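Written out below as structure tokens is the structure these notes cover.
The first residue in the sequence is number 1, and the count goes up from there. Because the structure is predicted, anything quoted here is derived from the model rather than measured.
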Amino acid sequence: MDLKQITNEHLIVLDCELEHKLDVIRLLVDRLYEEGKISDKEQFWKDVMAREALSETGISDGVAIPHGKSDAVKEASFAFARLKKPAQDWESMEEDNQVTLVFLLAIPTAEAGSTHLDVLAALMTRTQDEEFLNMLRSAKTPAEIYNNLNMQKEPSKPDDNKVYTHTIVAVTACPAGIAHTYMAADALEKAGEEMGVKVYVEKQGANGVEGRQTPEHLRDADAAIFAVDVAVKESERFAHLPTYKTRVAAPIKDAQGVIRAALELAKTSAKGEYKGETAPAAGGKGSFLSDVKSAVLTGISYIIPIIVAGGMINAFAVLIAQGFGLQDFAATEGTWMYYFKQMGSGMLGTIMIPVLAAYMAYSLGDKTALAPGFAAGIAANLIGGGFLCGMLGGLVAGYSVRGLRKVIPAKGTLAGFVSFWVYPVLSTIMVGIAIFLVLGKPVAAINTALINMLGSMSGSNGALLGAILGIMVSFDLGGPVNKAAYTFCVGAMAEGILMPYAAFASVKMVSGFAVTAATKLFGGLFTKEEKEAGNSTWLLVLAGITEGAIPFMMADPLRVIPSLCIGSAVTGAIIGSCGIGLDVPGAGIFSMFLLKDGLGILPNALIWFFAAVAGAAVSTLLLVILRKAKLAKAHH
């Protein structure tokens with residue numbers, strides 16, 4: 001691709017003295033706007049920040065490639081900045097990457113799957129050339145860089161006589177489906193050539209599946225590599241191969257190490273017989289802990305919509321009944337309001353745990369594991385095992401399917417029968433035996449003990465639990481730690497322990513209130529972008545959405561995270577000490593009208609809301625103090 005066609009000398013900035021990622025990106029956004037490449041720089045800025053929130057855009061060798069697909073872009077283009085000093089806060093795939101060379105891509109939304117990928121591919125190819133990088137670092141004028149943008153090494157001619165010692169099939173995929181997907185693929189292919197290993201890479205990216213593995217590749221391969229941060233599409237095609245699983249960033253950092261690990265796995269794991277694409281997925285081989293973590297997060301991601309929908313249906317039914325005096329009507333079997341309440345309650349009480357268990361099993365054993373996974377959730381409900389038993393049952397179901405594939409491979413004319421009858425039936429029986437005869441009663445006893453312990457927590461003990469939950473909620477604003485707190489609270493609520501979710505719901509407002517208060521009351525301490533974030537975070541948290549504060553947190557995590565966590569601990573402690581409960585998840589600000597236990601309807605509502613305000617006040621004070629200290633240090 002001719003890079004000179006999509007930029008100009010005015011879009012090239014040399015020896016920039018800015019030292020922070022957001023400032024550099026803002027500078028390049030302004031340049032693109034001044035050159036008429038974008039129509040609305042604020043909208044484009046938001047789209048770039050949305051992409052930044054997905055994953056790191058720092059690469060290696062001092063290079064970063066932030067990019068934004070936006071309706072505000074008039075024509076595909078890019079701006080470039082060379083920094084005098086490395087950016088201090090640019091998240092990169094290589095831990096020690098000191099970013100000094102920044103390309104900001106501006107792509108029209110309509111060209112996201114074509115021009116975007118072409119530009120990225122061209123930049124990635126060039127920035128892997130040391131001669132090109134030296135030119136960027138040493139150029140005296142923007143014109144010198146512009147005139148040399150298309151410099152490339154002559155591609156080496158393929159050696160038809162080269163003998164490869166092994167063959168590997170690989171899949172690369174990242175959440176955005178663009179940069180990392182293609183960079184990892186390129187790194188694996190190049191490393192394979194250097195090692196004498198033929199690597200065929202299938203890229204599952206924004207353009208769909210590219211370079212799909214052929215039956216010949218799958219048949220002849222010695223091993224498979226899944227370098228992915230998302231689920232692999234049609235992973236059952238690789239079920240016969242020893243499969244090494246890793247993150248998409250791993251090949252970019254050390255592709256040869258990834259290939260060696262896959263070949264080592266091939267030495268210790270037997271390759272199965274390839275029978276077209278009828279074999280079910282084996283789920284690949286990762287570490288036990290990483291598999292369990294992935295399974296839990298997958299299960300949670302599938303039950304969140306169920307919890308939110310069921311909770312809101314219940315909330316509206318309760319509010320309507322209370323507001324119009326329809327309590328008796330709602331309690332009368334056969335009425336429409338009764339059925340709505342039953343539907344909401346059923347989503348929370350009947351199907352939530354089976355769905356959690358089923359999709360945990362799916363994460364480990366793919367579609368074949370869904371049947372035993374649902375059975376595990378149903379069994380957990382039957383014995384009163386709760387969340388703990390459901391999650392354990394999901395793991396048993398997934399690993400049962402994996403084990404059956406090893407013991408009874410799906411081969412020959414009976415492959416279909418084995419896949420669609422033997423695996424689901426035998427694994428479901430195994431799950432039933434595990435839960436009803438072995439694990440169920442002990443786990444149910446543990447669950448009951450935890451319920452009793454939580455139910456007895458009040459006063460200082462309740463305050464401690466609320467404070468811990470508060471810290472977890474605001475530590476990563478929707479990340480794994482937040483999700484762990486969410487799972488605990490929902491599980492406790494399902495067992496009739498209502499205080500944890502009341503604390504969770506109140507704490508969710510702290511981050512948004514604090515960011516808005518800090519940026520509105522002390523605007524001179526914050527950047528324009530941070531103040532823009534503060535305009536909406538308060539409104540988002542009223543709907544239960546904490547993610548609006550993530551860009552604010554990303555800009556200064558070492559100061560923002562402790563500030564938010566301390567204020568959130570205050571809020572959680574207040575709710576916990578007052579014993580306020582909530583049994584309707586996902587209701588946002590409407591939760592204040594649905595609170596239970598505690599001190600009564602009106603006191604509960606006031607305490608629940610103003611606990612969030614008090615926590616936000618503490619966080620705001622800390623944000624301001626730490627920001628002033630930061631600015632004073634920078635000044636000196």
Side-chain angles (χ1 to χ4, degrees), residues 166-171 213 215 217-226 228 231-246 261-296 298 357-376 391-435 437-439:
H166 296 90
T167 300
I168 290 177
V169 289
V171 176
Q213 303 292 356
H217 295 163
L218 293 167
R219 181 194 63 210
D220 298 336
D222 300 301
I225 294 171
F226 288 173
V228 299
V232 174
K233 298 173 183 175
E234 298 179 63
S235 61
E236 62 270 18
R237 294 173 292 149
F238 305 86
H240 63 296
L241 293 172
T243 303
Y244 178 75
K245 296 175 69 175
T246 187
L263 294 177
E264 285 297 317
L265 180 63
K267 292 178 182 178
T268 58
S269 302
K271 174 183 173 181
E273 182 180 358
Y274 179 61
K275 289 290 183 180
E277 298 188 5
T278 60
K285 280 194 175 183
S287 72
F288 175 74
L289 290 178
S290 67
D291 281 349
V292 170
K293 175 185 174 183
S294 177
V296 171
T298 299
Y359 283 97
M360 285 180 63
Y362 171 77
S363 174
L364 297 168
D366 292 324
K367 288 183 287 187
T368 308
L370 281 172
F374 276 112
M391 294 171 75
L392 184 61
L395 295 175
V396 171
Y399 280 110
S400 295
V401 171
R402 281 193 178 185
L404 286 171
R405 287 201 182 100
K406 293 180 179 179
V407 177
I408 313 173
K411 296 181 178 179
T413 57
L414 294 178
F417 173 75
V418 172
S419 298
F420 297 105
W421 195 93
V422 175
Y423 291 160
V425 172
L426 290 187
S427 58
T428 299
I429 292 173
M430 293 166 69
V431 164
I433 292 172
I435 292 181
L437 303 179
V438 182
L439 302 173

Are side-chain heavy atoms of Leu364 and Val401 found at a separation under 4.5 Å?
-> no
Of all heavy-atom pairs between Pro242 and Ala270, which one has the smallest distance, and what is that distance?
-> CG-O, 4.2 Å
Start with the C-alpha distance between Leu395 and Met360, add both sets of side-chain angles, then the distance that settles side-chain contact (heavy atoms from CB on, under 4.5 Å), and finish with yes or no.
-> CA-CA 7 Å; Leu395 295 175; Met360 285 180 63; 3.8 Å; yes
With rounding to the nearest 0.5 Å, note down the distance linking CG in Leu265 to CG in Asp222.
-> 11.5 Å
For His240 against Leu218, the heavy-atom pair lying closest together = NE2-O, 2.7 Å
Decide yes or no on side-chain contact (heavy atoms from CB on, under 4.5 Å) for Glu264 and Thr268, but give the supporting numbers first.
-> CA-CA 7 Å; Glu264 285 297 317; Thr268 58; 5.9 Å; no
Shortest non-hydrogen pair, Arg219 vs Tyr274, comes out as CB-CD2, 3.7 Å
Of all heavy-atom pairs between Ala358 and Leu370, which one has the smallest distance, and what is that distance?
-> O-CD2, 3.7 Å
Could you tell me whether a side-chain N or O of Lys271 sits under 3.5 Å from a main-chain N or O of Ala221, the two making a donor and an acceptor?
-> yes
For Ser427 and Pro424, work out which heavy atoms get closest and say how close.
-> OG-O, 3.2 Å
What's the shortest heavy-atom distance between Ala223 and Ala266, and which atoms?
-> CB-CB, 4.0 Å
Between the CD1 atom in Ile408 and the CG atom in Leu426, the distance rounded to the nearest 0.5 Å is 5.5 Å
Residue list, side chain to side chain contact (heavy atoms under 4.5 Å, CB included) with Leu263, at least two apart or on another chain | His166, Ile168, Val197, Ile259
Straight-line distance of Arg237 CZ to His217 NE2, nearest 0.5 Å | 12.5 Å
d(Leu404 CG, Lys406 NZ) to nearest 0.5 Å is 11.5 Å
Interatomic spacing from CG in Asp291 to OG in Ser363 - rounded to 0.5 Å | 7.0 Å
